[in-house]
Amino acid sequence: MTLTHLKRAVLKLGFWLMVITLVVYATFPFYYAVVTSLKPSSEMFKVGYWIDSVDWSNYVAVLSQKAFVQSIANSVIVALSVVAIALLLGLTAAYALGRVRFKGRTRVMMLVLGVSMFPQVAVLSGLFEVIRVLDLYNSPGGLILSYTIFTLPFTVWVLTTFMRQLPDELEEAAIMDGASPWVTLTKVFMPLLWPAMATTGLLAFIAAWNEFLFALTFTLTDSERTVPVAIALISGGSQYELPWGPIMAASVIVTVPLVILVLIFQRRIVSGLTAGAVKG
Amino acid sequence: MASVQLERVSKRFGSTHVIDEVSLSIDHGEFVVFVGPSGCGKSTLLRLIAGLESISDGDLMIGDKRVNELSPQERGVGMVFQSYALYPHMSVYENMAFGLKLGKASSESVAERVKETARILQLEALLERKPKALSGGQRQRVAMGRAIAREPDILLFDEPLSNLDASLRVQMRNEIARLHGRLGSTIVYVTHDQVEAMTLADKIVVLNKGHIEQVGSPRTLYERPASKFVASFIGSPSMNFLEGTCRSTDARETRVELKALGEVVLPYGVDSNAVGSPITLGIRPEHLTPVQATGSDAFEVINVEYLGNECCVYVDSDAEQFLTCRVEADTSIARNDTVSLRIDTAQAHLFDEHGQALVRAQDSA
Ligand SMILES: Nc1ncnc2c1ncn2[C@@H]1O[C@H](COP(=O)(O)OP(=O)(O)OP(=O)(O)O)[C@@H](O)[C@H]1O
Ligand SMILES: [Mg+2]
């Protein structure tokens with residue numbers, strides 16, 4: 001009797017130990033960034049794990065830099081545009097790939113998947129030429145274009161999978177009601193695809209928000225930079241000083257919106273798909 | 001006028017002929033039911049009329065217009081799907097209003113039409129609900145409401161009741177009959193439930209492997225099936241078939257020799273070409289009466305099913321299938337009894353070796 005009790009207690013302990021390890025592992029870097037960002041620069045290199053006094057000077061320092069504020073605005077514009085374009089193109093492509101019967105459909109899907117496997121660096125120089133030809137160098141347009149290229153395959157693939165799961169009869173019912181394909185897509189399918197769109201949109205947003213390599217390569221001036229590059233280029237008074245405080249403050253500022261977005265959308269992501277569509 | 005005319009309509013998927021040169025005419029206001037075994041092409045034929053599938057060959061006329069190339073909406077058809085296919089994110093009201101709004105009706109007239117439809121189908125109290133908060137029968141009514149809200153001339157139903165339980169099915173069947181009387185629109189209805197077919201139809205179309213076996217009123221199909229296929233498909237329990245040979249026929253009577261029951265004299269004449277050739281005699285369970293055996297031609301009773309209002313008696317015979325008889329509920333016949341069988345000869349049907357009915361001399365005259 002006591003033995004089984006003991007066993008159960010040990011198992012429970014082990015389980016919670018594991019959970020705690022995971023949580024610490026996942027959140028400690030971010031937590032330490034928060035702690036560091038709230039210290040005055042004089043205490044920067046004292047190791048401390050708790051927030052004992054709050055000092056906003058790093059935040060003030062970062063936010064008073066015009067270039068940094070501009071870069072946040074740039075990031076917002078770029079990320080939102082990427083999400084909008086990727087969802088629009090993704091939905092229409094998913095409608096064609098998931099709903100319309102045509103020859104070579106599977107091949108197109110494979111191609112889409114294949115494209116998404118190229119590493120960024122491999123297409124960097126080619127993409128650079130494209131962007132120069134299109135006259136998009138050093139402008140948000142160039143970044144929007146290149147991020148969309150990398151986001152679309154995933155978006156199309158996921159949305160197509162979801163689209164295929166919607167019952168055929170739903171589309172036929174819309175046709176009988178006299179709906180055009182566009183109306184069917186926007187009025188009937190889109191509301192049912194919200195969870196999938198929230199998921200893919202969020203992932204596209206995060207990818208665009210955090211991207212560094214393209215952002216560094218395709219922009220030149222402070223006024224066109226996005227946040228990751230701007231943070232990397234924050235410099236101190238001399239070349240021998242790394243301003244950890246402002247860097248940490250900047251990191252926290254750009255991470256918080258993501259955390260909030262995920263919290264807002266997680267309900268949507270897990271909510272039911274087509275409850276009540278068919279049968280009794 | 002919403003009559004429907006099919007002229008040698010065919011449908012192929014790749015190289016398989018699913019519908020093979022079907023010609024059929026449906027009058028305005030008629031209630032037509034397609035029946036047939038699974039996979040015979042009922043749904044496909046309905047979808048050809050709806051415009052959800054393209055016609056490979058032949059002409060489809062609605063009124064006196066050829067509509068092969070028109071969209072469902074231009075054809076003026078409405079359809080109720082087997083799975084209902086309600087829009088899950090829209091309320092009952094929005095489900096019914098969707099098509100009307102797309103038809104560019106003004107918002108007052110949309111509201112008016114939806115209200116009227118809801119009144120006919122007793123959905124007024126449910127207009128704000130989402131489909132998932134409705135029972136099966138209510139969803140079914142909403143699906144019908146969505147189809148009739150735009151007042152199509154032709155209503156198509158694909159096995160609309162097959163997801164409902166037995167009692168609800170009877171109720172909805174009556175509602176559909178009432179609806180037909182009220183709207184007066186042409187209805188084409190697919191089912192594999194022959195009770196639905198018999199009770200609802202003005203005209204039944206029996207399909208088999210993509211072609212029409214027989215078209216006729218429920219009574220015609222039951223009393224004068226054109227083929228063995230129709231005879232066995234219509235009626236439950238299904239018709240008994242006995243192998244035999246035609247001995248002689250004249251204007252008044254036909255003698256046949258049955259393997260299982262010996263010589264039987266039928267009180268009608270048939271085509272004299274049948275004499276000497278093998279035939280099949282078909283007899284419905286209610287026209288085959290078992291009586292306690294006295295003579296030597298005795299059969300064993302395998303089972304007696306008590307159904308409350310009647311009994312089904314299953315009798316062992318030399319035929320490959322046992323014979324079914326329908327008798328009064330208070331029958332004294334029990335399992336393992338030996339019985340002899342009486343045929344109500346006026347009600348017996350004869351089929352030639354290809355399964356085609358031998359036309360009675362009186363009928364053809
Ligand atoms: N899109 C398609 N491609 C190829 N074959 C098809 C297609 N749709 C239907 N068929 C075939 O056509 C035949 C008729 O199908 P249909 O759905 O009309 O049958 P049904 O009479 O409605 O059967 P059930 O009573 O089971 O609903 C079937 O053999 C089916 O396999
Ligand atoms: Mg079917």
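Lettering of chains follows the sequences in order, A, B, ..., and the numbering in each one begins at 1.
- In this structure, the side chain of A/E169 engages the main chain of B/S83 through a donor-acceptor pair within 3.5 Å.
- When heavy atoms are compared at a cutoff of 4.5 Å, B/R75 does not approach chain A at all.
- The side-chain heavy atoms of B/L52 and A/M176, taken from C-beta on, include a pair separated by under 4.5 Å.
- Proximity of A/K187 to B/F98: side-chain heavy atoms (C-beta onward) are separated by under 4.5 Å at one or more points.
- Taking the side chain as every heavy atom from C-beta outward, B/M79 and A/E172 never approach each other to under 4.5 Å.
- A/A173 and B/A85 get closest at one heavy-atom pair: CB-O, 3.8 Å.
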message = Using the rule given for side chain to side chain contact (heavy atoms under 4.5 Å, CB included), can you reason through B/R146 versus A/D177, listing the C-alpha separation, both sets of side-chain angles and the distance that settles it, and then say yes or no?
response = CA-CA 8 Å; B/R146 187 174 59 178; A/D177 270 340; 3.6 Å; yes

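- The choice from B/L164, B/L156, B/L100, B/L102 that makes the most heavy-atom pairs within less than 4.5 Å of chain A is B/L102.
- Comparing B/Q138, B/K101, B/Q73 by heavy-atom pairs within less than 4.5 Å of chain A, the highest count is held by B/Q73.
- Residue B/V80 does not touch chain A at all, counting heavy-atom pairs closer than 4.5 Å.
- Although no hydrogens or angles enter the test, the distance criterion places no donor-acceptor pair under 3.5 Å between the side chain of B/H89 and the main chain of A/F189.
- Under a cut-off of 6.0 angstrom, the local environment of OH in A/Y25 is sparse, with at most 12 non-hydrogen atoms contributed by other residues, nucleotides or ligands.
- For B/F13, the CZ atom is densely surrounded, since the number of other residues' heavy atoms within 6.0 Å is greater than 12.
- Taking the side chain as every heavy atom from C-beta outward, A/L170 and B/F81 never approach each other to under 4.5 Å.
- Sparse packing is recorded around NZ of B/K115, with 12 or fewer heavy atoms of other residues, nucleotides or ligands lying under 6.0 Å away.
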